[in-house]
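Every number for a ligand or one of its atoms is a count from 1 in the order of the listing. The shown structure was predicted, so the numbers you read here are calculated from the model rather than taken from an experiment.
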Amino acid sequence: MFAKETYMERRSKLKKSVGEGLLLFLGNDECGSNYADNTYAFRQDSTFLYFFGLPYAGLCAVIDIDNDREIIFGDELTIDAIVWMGTQPTLKEKSEAAGIREVLPYKELENYLKAAQQKKQQIHYLPTYRAEHQIKLLAWLGVLPGAERPSVPFIMAVVNQRIYKSEEEIAEIEKACTVTAEMHLAAMRTVRPGIKESVVSAAVEEAAFRHNYGLSFPTIATINGQTLHNHDHSHLIKSGDMLLLDAGAETEMGYAGDMSSTMPADRKFTPRQKAVYDVQVAGHEAAVAALRPGIPFVDVYELTCKVIMQGMKDLGFAKGNVDDAVAAGACAMFMPHGLGHMMGLDVHDMENLGEVYVGYNGKPKSTQFGRKSLRLARELEPGFVFTIEPGIYFIPELIDLWKSEHKFAEFLNYDKLEQYKDFGGIRNEEDYLITADGARRMGPRIPIHTEEVEAEHC
Ligand code: GLY
Ligand code: MN
């Protein structure tokens, strides 16, 4: 945890922003995978972590702005729990580390909320993302699952704090990114023909676990990089394959790193692979060069799409006017996802609070295929931390569908695309902080140019 003053200052700012009512924070519970005591790895809710720092299951918190109270609701461990889990500080001591003096038994929360309802106090809560959150809102506030009305002032206030990373948070993210870079180097030094993808993913995850770090999301280590979120590690890697790795570490305090790299199974990329890879890197480097405070991230996305579309035109995959092709949405044939996302206590930071609030500052999103997957579009500001992750993919089903519809026939060369249905996908991803006058890479640079990746190869 950070010093208690950090959490006290964050809560004080939040109270001022929301102004009145009662703020309810739903901490997370343990969750059984195949029976109650065999649990998934516990992960505290990130907003709870941000304002209270307590990484323990079975807690909720209330900031009662109207009555100037901050309360942790939870139960002290029983002797049975201590026998199985060992000596621990009391909940009161743990809460004091976050600057909270009032701790009440968990069962009292229901009465506290019902009394607040009777007094017609406004009860603010955030969007739910677990069934247990919904059940609690039903039991305590009578809110039916699916009929929740999260508080927009609460969401906006939380987003407007969490979105600007403090110096101590930046230091944590830097640690996550340093270990994330080690994970990618481990893959480059392990990948070769004749081993399974799982051998690479094991080396990658070992690089995080040896620091006692966790994973910020499930590892993607696949020879089928054209499938964007592919968590299958069962394939044998063959000569001529490329492996796409998207993996990140999470520090003990919960801060994320997130990087992607693409490496050949053999010691060198084939000329066919290198030609497309270089276009992807050109798009990546154009995006990085454009980063500065004040630029709308959607403009960085448009610029990257144009560089990729021009590169694909030079290789014969695309034709026609590049600007028109990008405006029409034809670039989504190659890159059907966005350019990046915020990163912090969540790898997709605050995604549960709503992309429109986090990435679009309340403005509407495009519904166009490809553009609609842009998670971040707003103007960049100092203190923002986010990813840059363009990619180029050959997705056989998308080629078949659009070809059958003659979609963008004026911009795409389907004869050439047909020849690349076995190609896979390429993505490189780095993490950046916007500074007062530009941008800074988080963590060390990982190999990105083909010759740099080849030099790391085992
Ligand atoms: N690292 C996975 C993603 O950004 O979606
Ligand atoms: Mn990412």
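If you check the side chains of His211 and Glu252, you find no donor sitting under 3.5 Å from an acceptor.
Here the Mn ion (ligand 2) is the vertex; the OD2 atom in Asp258 and the NE2 atom in His341 give an angle of 90° (to 10°).
Where the criterion is an N or O separation shorter than 3.5 Å, residue side chain and backbone included, His348 meets it with respect to ligand 1. Checking only distances, Asp258 does come within under 3.5 Å of ligand 1, N or O to N or O.
Here the heavy atom of the protein found nearest to atom 5 (O) of ligand 1 is His229 NE2, 2.8 Å.
Remark: ligand 1 atoms within the under-4.0 Å shell around heavy atoms of Phe217 are 1 (N), 2 (C). The distance from ligand 1 to the heavy atoms of His341 drops below 4.0 Å at these ligand atoms: 4 (O).
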side-chain contact (heavy atoms from CB on, under 4.5 Å) between Leu291 and Ile388, intermediate numbers included = CA-CA 10 Å; Leu291 298 178; Ile388 292 289; 4.1 Å; yes
Under the salt bridge (Lys or Arg N to Asp or Glu O under 4.0 Å) criterion, do Lys306 and Glu302 qualify, and how do the steps go?
-> CA-CA 6 Å; Lys306 285 178 190 173; Glu302 299 290 342; 5.7 Å; no
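Using cut-offs of 30° and 60° for the angle between ring planes, the Phe269 and Tyr277 rings count as tilted. Note on ring orientation: taking the six-membered ring where Trp is involved, the planes of Phe334 and Phe394 are perpendicular (angle over 60°, cut-offs 30° and 60°).
Contact annotation: Asp246 has at least one heavy atom less than 4.0 Å from an atom of ligand 1.
Annotation: side chain of Met312 is not in contact with side chain of Val307 (no heavy-atom distance under 4.5 Å).
Here His348 fails the criterion, with no N, O or S atom under 2.8 Å of the Mn ion (ligand 2). One of the N, O or S atoms belonging to Glu389 lies under 2.8 Å away from the Mn ion (ligand 2).
Ring centroids of His348 and Phe217 are separated by 6.0 Å or more, keeping the two rings apart.
Nearest to the Mn ion (ligand 2), among the N, O or S atoms that Glu429 has, is OE2.
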